[in-house]
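Quick note: numbers below take in every heavy atom, side chains included, and nothing from hydrogens, waters or symmetry partners. Position 1 is the first residue of the sequence; numbering continues from there.
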Amino acid sequence: MKLLFDRRYPVTSILLLVTTAVFLSMFIRFGSDYQTGAAVYYSGGIIGEVVKVDPSQLWRIVTATFVHIGLEHFVLNMITLYYLGRLAEDLFGSKAFLALYLLSGMMGNVFVAIFTPDVIAAGASTALFGLFGTIGALRFIVQSPYIRHLSQSYTSLIVVNLIFSFMPGISMSGHIGGLVAGVMLAYVFPVRGEARFMNRTYQMSAALSYLLLLLYFLGKILNLF
């Protein structure tokens, strides 16, 4: 059981288990067709045009983060989540890490629905790019020299991953949306032990900016304006 659930990183462990359970359920339900568009959609993937027509499908901006299109997609994201999640959970604590992951994933999926509305999208990479963005922004925020150096080293990883986003079948809009959210949220959630150094004005401004951007895009999806 210890191999499946690490008490030191409860949120990372739960995210890995839930995402794995979703992937296995797709295989059980759809068999060899588990990576088709229909299987991805019925498992919780998102298509912007569908959400625009039927706003009751808006829940997909959350569930799409836990759905994957094929074994390679799933394995790559789970390996990244295992290492990146443990790092982020160490830095921010379990509750803040969970918020970062879900909020980044939501923004990434909203970007997908807005900018590529006719494409079915899914995957944890929206949330993972959010974590990359958050960690990459820390060098402008934290006092710790170690975390600043760590943050700076993540800049090259962000660039490399963005380059790979140009490959066929990969959602550039989802990655950018997650990245944008992650950078904003870096100013909202303090690193452990550094809360007293947070600029409260920046913190409130970043939280408000995230909320307004999310609400604006949701309004566009739902044809409210």
Side-chain angles (χ1 to χ4, degrees), residues 12 15-16 19 22-23 35 37 40-41 43-49 51 60-85 87-88 92 97-140 151-189 206 209-210 213-214 216-218 220-221:
T12 301
L15 291 172
L16 287 166
T19 309
V22 171
F23 184 76
Q35 57 184 335
V40 172
Y41 176 76
S43 299
I46 187 168
I47 305 178
E49 290 181 342
V51 179
R60 294 178 181 276
I61 68 171
V62 176
T63 59
T65 305
F66 298 91
V67 181
H68 287 82
I69 308 173
L71 181 61
E72 183 179 348
H73 187 211
F74 167 74
V75 171
L76 179 60
N77 277 347
M78 291 305 95
I79 291 174
T80 305
L81 173 57
Y82 178 83
Y83 290 104
L84 188 58
L87 172 62
F92 295 97
F97 163 60
L98 179 60
L100 285 166
Y101 189 86
L102 294 178
L103 292 173
S104 296
M106 287 171 57
M107 185 69 82
N109 291 324
V110 166
F111 265 56
V112 168
I114 286 288
F115 296 107
T116 54
D118 58 338
V119 174
I120 185 166
S125 54
T126 51
L128 295 174
F129 261 83
L131 298 181
F132 277 126
T134 298
I135 295 172
L138 288 180
R139 69 180 184 274
F140 304 112
S151 171
Q152 190 168 0
S153 70
Y154 266 72
T155 303
S156 58
L157 288 175
I158 294 171
V159 173
V160 169
N161 278 279
L162 281 175
I163 291 172
F164 277 111
S165 297
F166 286 100
M167 295 177 64
I170 296 179
S171 175
M172 171 63 84
S173 58
H175 289 180
I176 291 176
L179 187 65
V180 168
V183 171
M184 287 182 176
L185 295 170
Y187 290 88
V188 178
F189 296 99
S209 296
Y210 173 91
L213 184 62
L214 183 65
Y216 172 76
F217 280 135
L218 288 177
K220 297 287 285 185
I221 292 172

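Using modelled atom types, no side-chain atom of Tyr210 and backbone atom of Val188 make a donor-acceptor pair closer than 3.5 Å. Without hydrogens or angle criteria, Arg60 side chain to Gly48 main chain gives no donor-acceptor distance under 3.5 Å.
By the 4.5 Å heavy-atom criterion applied to side chains, Leu218 and Val110 are counted as neighbours. Residues Ser173 and Ile114 fail the side-chain proximity criterion, which asks for heavy atoms closer than 4.5 Å.
Pairs passing the side chain to side chain donor-acceptor pair (under 3.5 Å) check and including a residue from residues 125-140, sequence neighbours excluded, read Ser125-His175, Arg139-Thr155.
Met107 and Leu213 get closest at one heavy-atom pair: CE-CD2, 3.9 Å. Counting all heavy atoms, side chain and backbone alike, Leu81 lies closest to Leu16 at CD2-CD2, 3.7 Å. Nearest heavy-atom pair across Met106 and Val62 is CG-CG2, 4.0 Å. Annotation for Gly136 and Ser151: closest pair O-OG, 2.9 Å, computed over non-hydrogen atoms. Minimum heavy-atom separation, Gln35 to Val40: O-CG2, 4.3 Å. When all heavy atoms are compared, the tightest approach of Ile47 to Pro117 is CG2-O, 3.4 Å.
The six-membered or imidazole ring of Phe189 lies away from that of Phe92, with a centre-to-centre distance of 6.0 Å or more.
Here the straight-line distance linking atom CZ of Phe129 with atom CD1 of Ile176 works out to 9.0 Å at 0.5 Å rounding. Going from atom CG of Leu84 over to atom CZ of Phe132 covers 5.0 Å, rounded to the nearest 0.5 Å. Taking CG of Leu214 as the start and CZ of Phe111 as the end, the distance is 10.0 Å to the nearest 0.5 Å. In this structure, OH in Tyr101 is found 14.5 Å from CG in Leu185, a value given to the nearest 0.5 Å. Note that the CD1 atom of Ile46 and the OG1 atom of Thr116 stand 9.0 Å from one another [nearest 0.5 Å]. Atom OG1 of Thr19 sits about 6.0 Å away from atom CG of Leu15, to the nearest 0.5 Å.
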Taking it one step at a time, do Val67 and Tyr41 satisfy side chain to side chain contact (heavy atoms under 4.5 Å, CB included)?
CA-CA 9 Å; Val67 181; Tyr41 176 76; over 6 Å; no

